[in-house]
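One structure is given below, encoded as structure tokens.
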2 protein chains.
Amino acid sequence: MRNRLATYNGAAAFAALADPTRRAVLDLLRAGSLSAGQIAHAFPVSRPAISKHLRLLRRARLVEQRRLGRLRLYSLNPDPLKAVDSWLERYRSFWSANLASLKRFVESEYQNEKTAARARRKARARKRI
Amino acid sequence: MRNRLATYNGAAAFAALADPTRRAVLDLLRAGSLSAGQIAHAFPVSRPAISKHLRLLRRARLVEQRRLGRLRLYSLNPDPLKAVDSWLERYRSFWSANLASLKRFVESEYQNEKTAARARRKARARKRI
DNA sequence: ATAATGTGTAACTATACGGTTTCGCATTTA
DNA sequence: TAAATGCGAAACCGTATAGTTACACATTAT
């Protein structure tokens, strides 16, 4: 097993999703496999540019390639998106839960911070002396 | 209303999430507000580096800043993550649904592609003549 | 066999990005 | 008022990235 696979944590997926063209490529592939040429046809950039995006998506394991004659057919592999999804999972409560109570929570943290920062400052001051 | 707000579509959020440090900053803020200094303290990079990350996160509306004396308190704003979540939503079926049927679907698309590509090639060939 | 087609790679350019150090400004403390 | 503190901005550097054009290679068509 290669190290990149073993230590996979979704970082590559996050990086891959940063580019709007690559997100659009994935959106295209949601409907089914497409050849590299067909994908390139859907964008205003040159074919080699798409080729590079596809290489990045391949390395992030977000797409899979299969050769058919001289065509390279690309299909979606949603697995790495699971990592993105599970990262997002930890934030879902922030907008699905009661917003008022969240606000209260943040406010109280804000107050804690105020006194904590003061205490920390004093502690550092003592240390320095 | 500024244009950036009006045309907001989550692109900035995706770009912001590409960096592991920024994701970690958001993870920190999940527990409550923190000052810029406290955030910087949690990372092995310089404070200005964190300052730049925070600016990017602010521009992506993923964090909010509030001044308290000479402290700048940062808190999480999960709203832009909704856009990320809803983008991901369209992919969720790909791993929650029956994988066998998905496979069949992809296979059939693959077959369609094979003949479609052939037809398209011929069409283009005719056009060129 | 030769030509045409599909696609990836190479080489190059411009720009964005993450990092650093230095500086400046506002606020708080002494 | 003067010193210390918190933090962002500026200037700079090295590298990554998105794009281009030119090329190479394999496969299909003639």
Side-chain angles (χ1 to χ4, degrees), chain A residues 11-12 14-25 33-60 63 65-74 113-129, chain B residues 11-12 14-25 33-60 63 65-74 113-129:
Chain A
F14 273 109
L17 295 184
D19 186 86
T21 302
R22 286 194 291 267
R23 289 198 300 278
V25 167
S33 303
L34 289 173
S35 71
Q38 287 179 292
I39 295 169
H41 211 75
F43 296 93
V45 300
S46 70
R47 207 184 32 64
I50 296 295
S51 204
K52 281 166 70 175
H53 282 305
L54 288 172
R55 177 166 52 184
L56 220 150
L57 287 169
R58 239 184 292 131
R59 297 214 173 128
V63 302
Q65 192 196 54
R66 138 184 2 203
R67 288 162 196 229
L68 177 69
R70 60 190 172 187
L71 298 179
R72 316 278 181 110
L73 295 181
Y74 283 90
E113 164 54 36
K114 191 149 69 173
T115 59
R118 206 176 296 274
R120 226 171 294 118
R121 240 173 295 143
K122 290 212 195 293
R124 261 198 295 263
R126 274 195 300 276
K127 213 186 249 169
R128 225 176 301 106
I129 289 166
Chain B
F14 274 109
L17 296 184
D19 185 86
T21 302
R22 285 193 292 267
R23 289 198 301 277
V25 167
S33 303
L34 289 173
S35 71
Q38 287 180 293
I39 295 169
H41 212 76
F43 296 92
V45 300
S46 70
R47 205 182 35 62
I50 296 296
S51 204
K52 280 165 72 173
H53 283 305
L54 287 172
R55 177 168 51 184
L56 222 150
L57 287 169
R58 239 185 293 131
R59 296 214 174 129
V63 302
Q65 193 197 52
R66 134 179 12 196
R67 288 161 195 230
L68 178 69
R70 60 191 173 188
L71 298 179
R72 316 277 181 111
L73 295 182
Y74 284 91
E113 165 53 37
K114 191 149 69 172
T115 57
R118 206 175 296 274
R120 228 170 293 118
R121 240 174 293 143
K122 289 214 195 294
R124 261 199 293 264
R126 274 196 300 276
K127 215 186 248 170
R128 226 175 301 105
I129 289 167

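Letters go in sequence order (proteins before strands), and every chain restarts at 1.
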Base dG19(D) to side chain Lys52(A), donor-acceptor N/O within 3.5 Å cut-off =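 Indeed there is one.
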So does Arg70(B) reach the base of dT5(D) with its side chain, donor to acceptor, closer than 3.5 Å?
->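 Counting by modelled atom types and ignoring angles, a donor-acceptor contact under 3.5 Å is found here.
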Give the rounded distance in Å between these two atoms: [atom1] of [X] and [atom2] of [N].
X        : N       : atom1 : atom2 : answer
Leu56(B) : dG8(D)  : CG    : P     : 13 Å
Ile39(B) : dC7(D)  : CD1   : P     : 9 Å
Gln38(B) : dC7(D)  : CD    : P     : 8 Å
Arg67(A) : dA26(D) : CZ    : C1'   : 9 Å
Tyr74(A) : dG6(C)  : OH    : P     : 15 Å
His41(B) : dC7(D)  : NE2   : C1'   : 16 Å
Arg72(B) : dT27(C) : CZ    : P     : 9 Å
Arg59(B) : dG18(C) : CZ    : C1'   : 15 Å

Is [X] close enough to [N] that one of its side-chain N or O atoms is under 4.0 Å from OP1 or OP2 there?
X        : N       : result
Thr21(A) : dA18(D) : no
Gln65(B) : dG8(D)  : yes
Ser51(B) : dA9(D)  : no
His53(A) : dG19(D) : yes
Ser46(B) : dT20(C) : yes

If we ignore hydrogens and angles and just use 3.5 Å, is the side chain of [X] paired with the main-chain N or O of [Y] as donor and acceptor?
X        : Y        : value
Arg47(A) : Ala40(A) : no
Arg23(A) : Leu17(A) : yes
Arg72(A) : Ala36(A) : no

When all nucleic acid strands are considered with a 4.0 Å heavy-atom cut-off, which category describes [X]: base, sugar-phosphate, or nothing?
X        : result
Phe43(B) : nothing
Arg47(B) : base
Ala36(A) : sugar-phosphate

If you round to the nearest 0.5 Å, how far is OG of Ser33(A) from CG of Leu71(A)?
->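 Interatomic distance, Leu71(A) CG to Ser33(A) OG, rounded to 0.5 Å: 11.5 Å.
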What nucleotide, of dG18(C), dG19(C), dG8(C), holds the atom closest to the side chain of Val45(B)?
->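 Nearest to the side chain of Val45(B) among the choices is dG19(C).
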From the options Leu34(A), Ile39(A), Val25(A), select the one residue that forms a side-chain contact (heavy atoms from CB on, under 4.5 Å) with Tyr74(A).
->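 Of the listed options, the one satisfying the test is Ile39(A).
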On DNA chain D, nearest-nucleotide positions of Gly37(B) versus Ala18(A): which is more 5'?
->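 The 5'-side residue here is Gly37(B).
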